[in-house]
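To find a chain, count down the sequence lines: A is the first, B the second, and so on, and within it residues start at 1.
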There are 2 protein chains.
Amino acid sequence: MNKREFKDKVYSELAKVAKAMANPHRLEIIDLLAQGPCSVEQLANYTGMSVANASQHLQTLKNAKLVQISRSGNFINYSLTSEDVFFAWAGLRELGLEYNAEAQKLIRDFRKGYKSNMNAVDADELARMIEKDEIILLDVRPEVEYKRGHIHSAMSIPIEKLEAHIKKLPKRKMIVAYCRGPFCFFADEAVALLQKKGFNAVRMDKGFPEWVDKGYPVENAQTIN
Amino acid sequence: MNKREFKDKVYSELAKVAKAMANPHRLEIIDLLAQGPCSVEQLANYTGMSVANASQHLQTLKNAKLVQISRSGNFINYSLTSEDVFFAWAGLRELGLEYNAEAQKLIRDFRKGYKSNMNAVDADELARMIEKDEIILLDVRPEVEYKRGHIHSAMSIPIEKLEAHIKKLPKRKMIVAYCRGPFCFFADEAVALLQKKGFNAVRMDKGFPEWVDKGYPVENAQTIN
DNA sequence: CAACTATTCAATAAATAAGTTGAATAGCTT
DNA sequence: AAGCTATTCAACTTATTTATTGAATAGTTG
């Protein structure tokens with residue numbers, strides 16, 4: 001095999017990873033699986049796809065070795081093969097967010113719809129705030145995701161229960177909300193509601209997977225295994 | 001715009017980055033541009049594509065904002081928009097190399113063809129060896145790439161000149177060769193030739209861009225600007 | 001073992017992507 | 001201004017991808 005043939009083949013093999021990620025539905029699936037295993041039906045529900053279509057996209061991800069399966073009764077649970085899958089996508093995401101003006105505009109305009117101020121804290125700043133015991137940290141993801149793993153010292157109030165449980169929160173402290181990641185917007189929703197009720201609240205700019213990647217402390221970290 | 005519509009749009013925009021990388025020729029182009037700007041003709045020559053085809057792939061990369069152009073007389077020089085483009089691809093590459101058995105086999109088999117032993121040193125180990133002044137460091141890329149930027153203390157002997165200049169090299173010290181990156185194979189060629197002539201030689205496992213990413217010292221670092 | 005649920009497969013049509021070919025364009029040189 | 005070089009564009013053909021629909025399959029339950 002000459003060098004030209006070798007290069008053509010090896011780049012073709014590696015292009016398969018990029019091809020697997022070259023579809024918006026599959027990217028959303030990766031973001032969802034970064035929070036823990038899901039069944040086909042759940043993924044179809046979350047993403048608005050038919051079950052058959054979701055299954056096809058999952059086959060594509062599986063063929064590229066980006067996801068793997070385990071069975072649980074009638075359900076097949078899909079999970080990311082490793083967190084490197086998420087981080088490879090996160091690298092693409094940050095690149096896209098850096099240069100894609102349309103994506104930047106979409107996010108800015110959608111965020112304006114929440115009428116919350118745009119402040120967000122990053123993981124490093126959040127870690128400092130937790131250490132100084134300055135804040136209340138809220139995980140507004142579904143409770144099943146919280147139980148799988150969450151930021152050390154976070155309390156769980158899923159977004160749909162926030163209005164009902166808002167009285168539990170002290171007004172003295174700043175509240176930081178976080179969710180699945182930058183396109184989830186549960187944290188934005190939470191901050192908008194909290195500010196409306198007079199709380200001093202901001203959101204974390206990314207999500208739980210990024211916190212884990214920084215090596216910051218978590219509880220019950222079984223996110224991806 | 002509801003949340004579903006927002007997600008569909010934002011993931012579609014970001015999928016454009018992955019789509020731009022979802023082709024073997026475009027991945028090879030990114031690897032080549034990571035060594036510095038190139039014209040369309042040069043890229044066509046290096047990759048075995050027609051000029052028209054190379055130009056089309058470059059348009060795709062440009063539309064995704066992954067490359068940019070500058071003019072030089074009749075030539076249009078393409079360069080990566082930033083080194084984040086290379087690192088996003090490198091993340092995909094490492095993911096693919098981790099799980100794609102066919103790619104692993106291709107590399108292993110091709111490397112065996114060089115009849116060199118398989119030892120390679122990583123950037124950290126290389127940095128230690130340089131510091132201890134234990135080695136001769138050889139940059140076997142084309143000299144124009146060396147001049148744009150190279151590992152601190154490396155000497156340049158392009159691979160096609162190595163046989164002619166091999167007498168310049170002392171046999172007392174170990175020689176480490178590096179090139180553009182893992183799929184370039186100039187370093188493997190160099191090590192095979194050096195070992196055949198009785199030198200103690202190994203290669204660096206990645207390439208110059210990875211060395212830069214680690215923050216290790218370079219000379220003339222104008223690789224990507 | 002029949003019925004059920006969850007999931008995958010196969011076929012199809014439509015949309016998108018890739019490479020070639022020849023024409024057109026942009027900028028430079030004489 | 002003509003001729004040249006490098007590059008891009010447009011049209012066409014072929015290949016690949018995506019979503020839908022209905023059938024098939026795998027595993028569980030009663």
Side-chain angles (χ1 to χ4, degrees), chain A residues 4-5 7-9 11-30 32-33 37-79, chain B residues 4-5 7-9 11-30 32-33 37-79:
Chain A
R4 183 70 260 148
E5 285 166 354
K7 288 188 181 191
D8 285 343
K9 282 176 162 43
Y11 281 111
S12 286
E13 286 302 315
L14 295 170
K16 286 174 176 172
V17 179
K19 282 183 175 184
M21 294 189 180
N23 176 279
H25 292 313
R26 295 198 286 274
L27 291 178
E28 188 171 3
I29 289 174
I30 292 172
L32 288 164
L33 294 182
C38 280
S39 68
V40 182
E41 217 170 21
Q42 285 179 307
L43 289 168
N45 284 339
Y46 284 141
T47 58
M49 287 190 274
S50 68
V51 171
N53 199 19
S55 182
Q56 276 185 162
H57 285 298
L58 285 163
Q59 295 322 302
T60 302
L61 289 170
K62 188 153 161 272
N63 289 337
K65 306 290 190 292
L66 303 190
V67 301
Q68 65 199 4
I69 61 179
S70 63
R71 299 197 74 110
S72 169
N74 257 349
F75 289 94
I76 296 190
N77 279 329
Y78 279 84
S79 55
Chain B
R4 184 69 261 151
E5 284 166 353
K7 288 189 179 189
D8 285 344
K9 284 179 160 42
Y11 282 111
S12 287
E13 286 303 314
L14 294 169
K16 285 175 178 172
V17 179
K19 282 184 175 182
M21 295 191 180
N23 175 279
H25 292 313
R26 296 200 285 275
L27 293 176
E28 188 171 5
I29 288 174
I30 292 174
L32 289 166
L33 294 182
C38 279
S39 68
V40 183
E41 219 170 19
Q42 286 177 308
L43 289 167
N45 283 340
Y46 285 141
T47 58
M49 287 191 276
S50 67
V51 170
N53 199 18
S55 180
Q56 279 185 163
H57 284 299
L58 285 163
Q59 295 321 302
T60 301
L61 290 170
K62 188 155 161 270
N63 288 337
K65 306 288 193 291
L66 302 188
V67 301
Q68 65 198 4
I69 61 176
S70 63
R71 300 195 74 108
S72 172
N74 258 347
F75 289 94
I76 295 190
N77 279 328
Y78 279 84
S79 55

Within this structure, what is the CG-to-C1' distance between B/N77 and C/dG27, rounded to whole angstrom? 14 Å
Between B/L61 (CG) and C/dA18 (P), how many Å, whole number? 10 Å
Integer-rounded Å distance: D/dT18 P and A/R26 CZ: 4 Å
Please state whether the phosphate of C/dA17, meaning OP1 or OP2, lies under 4.0 angstrom from any side-chain nitrogen or oxygen of B/H57. no
Using a cut-off of 4.0 Å on non-hydrogen atoms, how would the nucleic acid contact of A/Q59 be classed: base, sugar-phosphate, or nothing? sugar-phosphate
Counting C-beta onward and ignoring hydrogens, is there a side-chain heavy-atom pair between B/C38 and B/L33 closer than 4.5 Å? yes
Would one find a side-chain N or O of A/S55 under 4.0 angstrom from OP1 or OP2 of C/dT7? no
Can you measure A/D8 atom CG to C/dG19 atom C1' for me and round it to whole angstrom units? 14 Å
For the pair made of CG in B/N74 and P in C/dT29, what is the distance, rounded to whole Å? 7 Å
Between A/N53 and B/E41, whichever has its closest DNA chain D nucleotide further toward 5' is B/E41
Phosphate oxygens OP1/OP2 of D/dT7: is one of them under 4.0 Å from a side-chain N or O of B/R71? no
Keeping B/S72 on the side-chain end and B/F75 on the backbone end, is there a donor-acceptor pair under 3.5 Å? no
Taking for each residue the nucleotide of DNA chain D bearing the nearest heavy atom, is the 5' side occupied by B/Y78 or by A/H25? B/Y78
Got A/T60 and A/H25 here, is their nearest side-chain heavy-atom distance under 4.5 Å? no
Between D/dT16 (P) and A/K19 (NZ): distance, integer Å: 8 Å
Within the structure shown, what part of the strands sits under 4.0 Å from A/S39 by heavy-atom distance: base, sugar-phosphate, or nothing? sugar-phosphate
Tell me the interatomic distance from A/N63, atom CG, to D/dT17, atom P, rounded to whole angstroms. 11 Å
Rounded to whole angstrom units, what separation is found between the CE atom of A/M49 and the P atom of C/dT8? 12 Å
Does A/T60 reach a base, just sugar-phosphate, or nothing at all? Heavy atoms under 4.0 Å. nothing
Distance-only donor-acceptor test (3.5 Å): side chain B/Q56, base C/dA18: no
Which nucleotide sits closest to the side chain of A/A52: D/dT20, D/dA6, C/dT7? D/dT20
Would a 4.5 Å heavy-atom cut-off, applied to side chains only, mark B/M21 and B/L66 as touching? yes
Under a 4.0 Å threshold between the charged nitrogen and the carboxylate oxygen, would A/R4 count as salt-bridged to B/E28? yes
